[in-house]
There are 2 protein chains.
Amino acid sequence: MRDIARHAGVSPMTVSRALREPAAVSEKMRAKVDAAVREFGYLPNRIAGSLSSSRSNVVGLIVPGIRNSLYAGMIQAVSEVLRANGMHLMIANSGHSLEDEEAAVAAFLGQRVCGLVLHNTTHSKRTREMLERSGVPVIETGNLPDDPIDMAVSYSNFEATRAMTLHLARLGHRKIGFVTLPLRDNDRSEERRRGYFAALRELGLPADDSLVLEAAGGFSEGADALVRLVNAHPDLDAGFFAGEVLAVGALFECQRRGWDVPGRIAIASYDDVDLLKHAVPSVTTLRIPRQEIGRRSAELLVQRLQGAPAERVKVDLGFEIVQREST
Amino acid sequence: MRDIARHAGVSPMTVSRALREPAAVSEKMRAKVDAAVREFGYLPNRIAGSLSSSRSNVVGLIVPGIRNSLYAGMIQAVSEVLRANGMHLMIANSGHSLEDEEAAVAAFLGQRVCGLVLHNTTHSKRTREMLERSGVPVIETGNLPDDPIDMAVSYSNFEATRAMTLHLARLGHRKIGFVTLPLRDNDRSEERRRGYFAALRELGLPADDSLVLEAAGGFSEGADALVRLVNAHPDLDAGFFAGEVLAVGALFECQRRGWDVPGRIAIASYDDVDLLKHAVPSVTTLRIPRQEIGRRSAELLVQRLQGAPAERVKVDLGFEIVQREST
DNA sequence: TTATAGGTTGGTAGCGATACCAAACGAAAC
DNA sequence: GTTTCGTTTGGTATCGCTACCAACCTATAA
């Protein structure tokens with residue numbers, strides 16, 4: 001920057017200003033600076049800028065698994081909002097482990113991110129301490145926390161699962177199996193299980209533990225879970241899968257066995273991905289506004305950074321049941 | 001850090017060393033520092049560290065679309081290798097536009113990333129200039145570039161498409177349609193198209209332009225493309241889709257119309273995602289080592305940062321044909 | 001003409017770490 | 001006891017930028 005200033009015949013201060021708030025600098029100066037910047041292809045060092053101003057323009061995002069296409073829409077939305085505001089995104093993987101989350105939070109705070117989005121609402125003690133002490137705006141998402149650290153943007157896993165279970169009963173299904181993703185260290189899965197049982201109780205249906213199966217999230221696991229459920233309960237008339245891959249895996253299994261869906265068994269899924277809409281038959285599911293969650297999260301962060309008061313915000317973006325051919 | 005030093009009764013220099021290279025500090029000092037660090041929950045400011053040492057531990061990754069699950073495996077692999085080496089990942093979206101890529105590169109260089117991975121091998125003039133001048137290690141991927149900026153890790157889109165087309169012919173298919181993703185600003189798509197025609201020429205089959213259809217990457221677009229191809233060429237006996245979503249969209253369309261696959265028409269896809277393996281029938285496809293590409297890219301960057309000589313490396317990780325039920 | 005204000009420009013002092021060299025220390029050799 | 005060498009510790013300058021305030025314009029009003 002010193003060089004640019006020299007070559008433009010102005011002070012470094014003027015260069016800095018011309019780049020950050022062009023309006024505060026006379027047209028003549030701005031032209032000189034711009035010319036020199038272009039000539040030398042100068043790129044301001046944001047590291048130095050951040051250190052000096054103790055402001056940064058990087059937001060950290062921690063997701064349980066980058067690989068999971070579920071988060072892709074949310075990540076994209078966050079990324080877009082940030083970019084529109086001249087900010088950047090760093091991503092880390094917590095792999096469903098609270099320790100890894102803690103490490104990622106520490107690393108991000110060390111990088112002095114200006115905001116954090118955590119796809120998780122239960123944290124280790126040290127994670128909460130670090131976050132609270134840092135004063136960095138935090139968004140929690142993935143579930144609606146009882147005691148948010150700062151801000152939360154999500155939907156209720158409990159209500160969503162409950163609603164779909166009631167929906168299946170309304171369609172006449174009496175024996176509804178539920179296949180959940182692993183429950184360990186995962187409050188979302190736990191909430192969903194609770195929602196399922198709450199619905200059964202309301203319906204006066206027997207809340208049989210053997211109707212719930214835990215499965216890792218692959219196609220074969222979905223197929224396998226379906227088969228095990230049907231073997232244990234030959235009168236099963238609906239399967240509700242807490243993940244689109246599980247559901248489609250089960251659907252494929254039905255195709256292989258020649259079982260009519262929904263004639264022999266109905267299949268319902270979680271999350272509205274394109275695949276479910278185009279599958280044959282198309283699959284009934286819960287639409288979770290993933291992108292909207294990402295968008296709102298980023299917007300709340302941006303607002304806070306632009307001076308909005310630091311108040312605990314809790315946004316429930318809801319969900320929707322999408323009835324299709326499979327139920 | 002000054003505070004920590006005071007409370008530990010040592011100099012700031014010793015704190016800095018105790019944190020970065022514990023071996024260079026006596027046990028006594030290290031213990032004092034560690035105690036103070038723990039007591040105050042001190043997190044070193046990496047921004048200041050980077051500025052001072054003019055080293056950073058952040059790698060930038062630019063992909064055409066975060067949303068596309070294709071890149072997810074690669075991103076995950078990059079992320080894991082970096083984390084294992086104490087580094088971090090920033091992600092940006094180029095949305096298939098060279099201007100957006102240029103903006104992202106400028107932003108990342110401004111952030112003084114220590115390495116860059118670009119999922120693209122054609123760039124704007126200014127992008128190349130910036131990268132070359134910056135001296136930052138760069139990996140290009142997604143295709144094998146003729147004139148790499150620095151390092152390249154990929155496979156050959158041309159060879160892969162050619163090989164699958166030859167494979168379909170070997171299975172007895174004579175009239176093979178090809179559905180490509182949009183060609184604009186996308187050298188990968190262009191290479192694939194070339195590979196397809198090269199195979200037809202080798203086979204002595206007529207290279208009919210109307211056998212190639214351009215389609216955006218959705219399920220309906222795949223279904224639609226299949227229908228249009230069959231209408232134009234009633235004797236079409238195979239469809240090769242340059243994207244798994246397109247292929248499965250076409251497969252679903254066959255199911256809806258009751259067309260036997262591969263009896264009435266064979267379907268081949270690009271990229272080996274789980275969906276293709278579990279679909280009914282399972283789909284023949286090209287296995288592209290996406291994860292391996294991510295892993296190698298990150299490893300090459302890490303090696304370079306650890307002092308490996310700055311030589312132009314070009315790694316071809318190849319591909320594999322996965323023959324399944326659909327052909 | 002001088003005072004006053006508003007708008008620009010420049011100088012100086014950090015931001016919080018690390019690089020580099022000098023000082024202090026301790027152990028081994030004489 | 002002194003010298004010497006190697007290791008550990010500390011001081012100072014600096015990384016490249018921005019915050020803050022002082023100095024300087026130019027124009028308008030008194």
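All values reported here derive from a predicted model rather than from experimental measurement. Scope of the values below: all heavy atoms of this structure, side chains included, with no hydrogens, waters or symmetry mates.
Under the 3.5 Å distance criterion, with hydrogens and angles disregarded, a donor-acceptor pair is assigned to the side chains of B/Q76 and B/E80. Using a 3.5 Å distance cut-off with no hydrogens or angles, the side chains of B/N93 and A/S79 do not pair a donor with an acceptor.
Residue contacts shown for A/P44 are limited to sugar-phosphate atoms, with no base heavy atom under 4.0 Å away. The residue B/R17 sits close to a base: some heavy atom pair falls under 4.0 Å. Using a 4.0 Å heavy-atom criterion, one finds that B/S54 contacts no nucleic acid atom at all. Residue-level contact check: A/R46 touches neither bases nor backbone, having no heavy atom under 4.0 Å from any strand.
Comparing C/dT9, D/dG16, C/dA19 by their closest approach to the side chain of A/L51 singles out D/dG16. Distances from the side chain of A/M13 to the nucleotides C/dG14, D/dA19, D/dC15 place D/dA19 closest. Comparing D/dT18, D/dT8, C/dA17 by their closest approach to the side chain of A/R55 singles out D/dT18. In this structure, the nucleotide among C/dG10, C/dT8, D/dT18 sitting nearest to the side chain of A/S26 is C/dT8. Of the candidates D/dT9, C/dG16, C/dG11, the closest approach to any side-chain atom of B/A48 belongs to C/dG16.
Here the side chains of B/V58 and B/R46 are not in contact, with every heavy-atom distance at 4.5 Å or above. You'll find the side chain of A/L116 reaches within 4.5 Å of the side chain of A/F108, heavy atoms only. In this structure, B/T141 and B/M74 have side chains that are in contact, with non-hydrogen atoms separated by less than 4.5 Å.
B/I47 places its CD1 atom 14 Å from the C1' atom of D/dT18, with the value rounded to the nearest Å. When rounded to the nearest whole Å, the span between CD of A/Q111 and C1' of C/dG16 equals 14 Å. Rounded to whole Å, atom C1' of D/dC17 lies 8 Å from atom CZ of A/R20. Spacing between atom CG of B/L19 and atom P of C/dA17 amounts to 9 Å, rounded to whole angstrom units. The separation between A/E21 atom CD and C/dT9 atom P is 12 Å, rounded to whole Å. C/dG10 atom P lies 13 Å from atom NZ of A/K28, rounded to whole Å. Going from atom CE of B/M1 over to atom P of D/dC15 covers 18 Å, rounded to whole Å. Distance A/M29 CE to C/dG7 P: 17 Å, rounded to the nearest Å.
Looking at A/S154, its side chain does come within 3.5 Å of a backbone N or O of A/N143 through a donor-acceptor pair.
For a distance-only test at 3.5 Å, the side chain of B/S11 fails to qualify as a donor-acceptor partner of the base of D/dG11.
Here B/T14 reaches the OP1 or OP2 of D/dG10: one of its side-chain N or O atoms lies under 4.0 Å away. Of the side-chain N and O atoms in B/Y42, one or more sit less than 4.0 angstrom from OP1 or OP2 of C/dA17. Between A/S16 and D/dT18 there is a side-chain N or O to OP1 or OP2 distance below 4.0 Å.
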